[in-house]
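Nothing fancy with the numbering, it's 1 onward along the sequence. Predicted model only: the values in this text are computed from it and were never measured.
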Amino acid sequence: LSPTHTMSTAPVAAAPAQEPKVSRKKLKQNDGINGRLQIVMRSGKYTLGYKTVLKSLRSGKSKLIIISNNCPPLRKSEIEYYA
């Protein structure tokens, strides 16, 4: 080292222990409904809302419909009728 460079005496932090890496195949097997919903949301191939759901049901484009617990009974029965 040249005389113009000085060495730092600051303490060096140790890197935290890393968790073992899990393969993507194993992650996909353990996902369940939440993981699959994340994939769909990232892809952008979803619709939200009553009217758009009915349109997709009538046209036959929908593959999965998720109805919330607080959906009014009349709407729920109409969605189920078209499904």
Side-chain angles (χ1 to χ4, degrees):
L1 294 171
S2 66
T4 57
H5 290 85
T6 59
M7 296 192 76
S8 172
T9 58
V12 177
Q18 293 181 347
E19 295 178 17
K21 293 197 175 193
V22 181
S23 69
R24 287 183 184 257
K25 195 179 253 188
K26 195 166 194 175
L27 281 176
K28 286 188 179 184
Q29 290 173 353
N30 296 334
D31 275 351
I33 189 73
N34 289 332
R36 292 185 185 214
L37 277 175
Q38 278 184 336
I39 293 169
V40 170
M41 295 296 277
R42 273 191 239 135
S43 73
K45 295 182 178 183
Y46 65 95
T47 60
L48 296 174
Y50 173 69
K51 289 182 181 179
T52 55
V53 166
L54 285 181
K55 285 180 186 176
S56 68
L57 277 171
R58 287 185 194 126
S59 64
K61 293 181 181 178
S62 57
K63 294 183 180 180
L64 173 72
I65 310 274
I66 298 175
I67 303 172
S68 67
N69 287 337
N70 61 353
C71 181
L74 185 63
R75 282 191 178 182
K76 183 177 178 180
S77 63
E78 191 174 359
I79 292 170
E80 289 172 346
Y81 172 77
Y82 284 110

Item to check | Atom pair CD (Glu80) and CG (Leu57), whose distance is rounded to the nearest 0.5 Å | outcome: 11.0 Å
Please tabulate, one pair per line, all N/O donor-acceptor pairs under 3.5 Å involving side-chain atoms of residues 64-74, not counting sequence neighbours.
| residue | atom | partner | partner atom | Å |
| --- | --- | --- | --- | --- |
| Ser68 | OG | Asn70 | OD1 | 2.8 |

Next on the checklist: Test of understanding: clusters of I, L, V, M, F, W, Y form through side-chain heavy atoms closer than 4.5 Å, transitively. Do Met41 and Ile33 belong to the same one?
Outcome noted: no
Next on the checklist: Please determine whether residues Ile79 and Tyr82 belong to a single hydrophobic cluster, defined as Ile, Leu, Val, Met, Phe, Trp and Tyr linked transitively by side-chain heavy-atom distances below 4.5 Å.
Outcome noted: yes
Checklist entry - Measuring from Arg75:CZ to Leu54:CG, what's the distance to the nearest 0.5 Å? => result 9.0 Å
Checklist entry - Where is the tightest heavy-atom contact between Thr52 and Leu48, given as atom of each residue plus distance? => result OG1-O, 2.9 Å
